[in-house]
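Both backbone and side-chain heavy atoms feed into the values below; hydrogens, waters and symmetry mates do not.
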Amino acid sequence: MSMRLSTRIAIAVGVLVPLLVLASGWLLVRLVANDLHAQADAHLRERAAAMAQDARNLLRVTAADRSAAAEQAKEKRLFTSALDVGIRLIGPDGTVTGGPQPGASFTLPPDARRPVTVRDGQRSWRVLSVPVVSKRPAATGTLWIFSPDTASQSQIQLVRRRVVMVALLGAPLAAAVTWLAATAAVRPLRRLQRRAAGLDPGTSAARLDHEPSRIAEVDDLALTLRTVLSRYDEQAARTAEALATARSFSAAASHELRTPLMSMRINLDVLGGHPGLDPAERAEIVADLSREHARLLGLLVMLRALAQGDLVEADAFGPVDLAEVVESSAAALHGSRPGTALTVRSGPGLLVHGWEPGLRSAVDNLIVNALTHGGGAVGVTVRSGEEGRGPGDVAGPFVVLTVDDDGPGVPPEFRQRVFERFQRGPDSPGSGLGLTLVAQQIALHRGTIRILDRPAGDGRAARGARFEVRLPLAVTGRPDSGLPSRRDWLTAETATGTATGTATGTGPGTGPGTGTVPGQAPQGFHKDPS
């Protein structure tokens with residue numbers, strides 16, 4: 001059974017207040033008892049000091065066997081000095097008693113040099129014993145002084161009764177006042193609860209509307225709820241992106257694989273239906289099958305890489321030495337393609353904030369594209385650059401990666417389209433996704449890419465293409481700007497355009513003006529136009 005917070009607080013206070021009052025009352029009773037005993041003890045010691053000489057005189061008279069009149073006179077003097085306390089002088093020749101005191105049969109404590117409390121039936125006494133010594137004649141005795149403890153006990157009982165009364169009256173009063181105060185205190189919390197209960201992130205875009213209540217716990221809870229809802233939105237968006245990416249992957253694969261699979265099936269039927277096929281024709285069909293297989297494999301690899309780029313998270317990024325990535329990629333590609341003229345020039349300390357697998361994929365595809373379409377000599381350069389000054393340029397210091405080839409180059413009117421999905425030349429053996437993957441990774445890393453004519457140099461005429469990539473240089477103390485807000489290189493549908501060749505770091509669908517990556521508008525997956 002649930003119970004409101006205000007009721008819980010009221011019950012807790014209603015229980016705790018009486019306990020605190022009783023504990024405080026117990027301490028108060030002890031203090032009062034000690035004070036009363038201290039007053040009684042001081043009175044006993046004062047009377048003992050006043051009666052000491054008279055007690056010695058009486059003990060001396062008794063020991064010297066003086067006359068009865070002399071003894072009576074000393075007793076009278078002793079009783080007079082006793083005033084309101086009881087006395088009992090025990091000597092070698094008898095006991096002299098007077099005033100209020102316990103009965104004669106009551107056994108006195110063995111030692112009462114300091115005041116002690118004794119009880120005789122229903123009455124209690126405060127008792128002090130003082131030794132009495134007479135030298136001439138020699139005699140010793142004990143003077144007992146008694147003071148009734150009734151008044152002290154009555155005062156202590158009165159304090160106890162009042163403490164209990166305060167506890168009994170304070171419990172309901174404290175509970176009621178606390179309930180009212182707690183109800184008022186939790187009112188902002190209940191308002192927050194009603195507002196949060198009306199939210200449904202799955203059906204509405206409305207979010208928590210909370211005005212500061214000046215109650216730290218309530219405001220902190222509202223901030224936590226907002227954070228949770230924001231994280232829910234982020235996760236929902238990422239889930240939607242993942243689903244869209246999976247659907248696009250499936251649609252692209254089914255569409256693009258249909259034709260090569262049918263071609264492979266025809267070639268396999270030919271091989272299976274004509275066992276006596278001419279060896280030259282058989283070899284040609286097998287080579288065709290091998291090419292189609294390589295194309296299928298490359299297409300699947302590229303689609304998977306695009307999907308990974310669209311779904312990568314910010315925590316996968318870190319400091320990456322771009323020069324090391326380029327040198328490692330060039331060494332691997334040179335080893336797999338012996339006889340190619342591939343040169344790399346780089347410098348030290350060229351760190352970028354990046355995702356190393358994505359950067360490696362982009363560099364691999366740039367170099368493969370140059371080796372495939374170039375004239376055989378490919379040059380790769382990595383260097384540092386100054387702060388960009390043109391519109392859409394990288395802000396701050398950057399790293400420049402250039403890949404030059406000796407091929408026919410890319411006409412200006414096609415420099416935009418080469419970054420679209422599945423755009424391949426008539427004789428291209430690729431999947432049409434390599435440069436799309438390059439543009440995606442450059443956008444993820446907040447960089448730019450441009451296609452230029454290769455400049456002349458070293459006695460060589462200008463011929464070929466230059467792919468120039470600029471990535472922000474990692475600077476200590478400068479916070480990373482995070483991933484682009486739009487990452488849909490696999491899911492967004494492309495449209496043809498007329499701009500020419502710079503991929504900006506904002507992802508597909510942006511980059512106005514000459515030299516920007518093509519805008520992304522709704523259009524289905526398409527075959528290359530050749």
Side-chain angles (χ1 to χ4, degrees), residues 298 302 322-323 325-347 350 359-385 390 393 398-420 423-439 441-442 447-471 498-504 511 514-518 528-530:
M302 288 299 177
L322 186 60
V325 173
V326 170
E327 291 173 358
S328 176
S329 174
L333 293 174
H334 190 274
S336 64
R337 299 190 179 201
T340 58
L342 177 60
T343 59
V344 177
R345 298 183 180 87
S346 63
L350 300 176
L359 288 175
R360 175 61 184 268
S361 178
V363 172
D364 284 348
N365 280 281
L366 281 174
I367 297 178
V368 168
N369 181 75
L371 292 173
T372 301
H373 301 287
V378 174
V380 183
T381 303
V382 186
R383 60 179 177 82
S384 61
D393 221 341
F398 53 86
V399 180
V400 181
L401 166 65
T402 59
V403 179
D404 297 328
D405 63 60
D406 285 336
V410 181
E413 62 271 18
F414 292 111
R415 290 178 181 178
Q416 167 191 343
R417 299 186 60 185
V418 296
F419 293 105
E420 293 182 4
Q423 293 297 322
R424 296 188 299 120
D427 300 324
S428 175
S431 63
L433 293 175
L435 292 180
T436 304
L437 179 61
V438 172
Q441 292 303 321
I442 301 309
T448 63
I449 180 171
R450 298 189 298 172
I451 303 178
L452 308 171
D453 292 325
R454 183 176 185 178
D458 297 329
R460 172 182 49 79
R463 183 177 182 273
R466 163 171 287 186
F467 285 76
E468 181 183 87
V469 175
R470 295 186 179 187
L471 297 174
T498 58
T500 57
T502 296
T504 63
T514 302
T516 61
V517 149
D528 46 282
S530 58

For the [atom1] atom of [X] and the [atom2] atom of [Y], what is their distance to the nearest 0.5 Å?
X	Y	atom1	atom2	result
Asn369	Leu435	CG	CG	4.5 Å
Phe398	Thr448	CZ	OG1	8.0 Å
Ile442	Leu366	CD1	CG	7.0 Å
Gln441	Leu471	CD	CG	10.5 Å

The side-chain contact (heavy atoms from CB on, under 4.5 Å) partners of Thr381 (sequence neighbours excluded) come to Arg345, Thr402
Sorted by chain and residue number, the side-chain contact (heavy atoms from CB on, under 4.5 Å) partners of Ser346 (sequence neighbours excluded) come out as Ala323, Glu327, Val382
* Is any side-chain heavy atom of Val344 less than 4.5 Å from a side-chain heavy atom of Val326? ->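 Yes; the side chains approach each other to less than 4.5 Å.
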Closest heavy-atom pair and its distance - [X], [Y]:
X	Y	answer
His373	Pro408	O-CD, 3.4 Å
Arg415	Asp453	NH2-OD1, 2.6 Å
Arg360	Val325	CA-CG1, 3.7 Å
Leu342	Ala330	CD2-O, 3.6 Å
Asn365	Gly434	OD1-CA, 3.4 Å
Ala377	Asp406	CB-OD2, 3.2 Å

Test side chain to side chain contact (heavy atoms under 4.5 Å, CB included), reference Phe467, set Ile367, Ile451, Asp404, output is Ile451
Donor-acceptor check, side chain of Asp405 to backbone of Ala465, threshold 3.5 angstrom: yes or no?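 Yes: the side chain of Asp405 pairs with the backbone of Ala465.
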(message) Whether the side chain of Ser384 engages the backbone of Val399 through a donor-acceptor N/O pair (distance < 3.5 Å, no angle test) should be reported.
(response) no
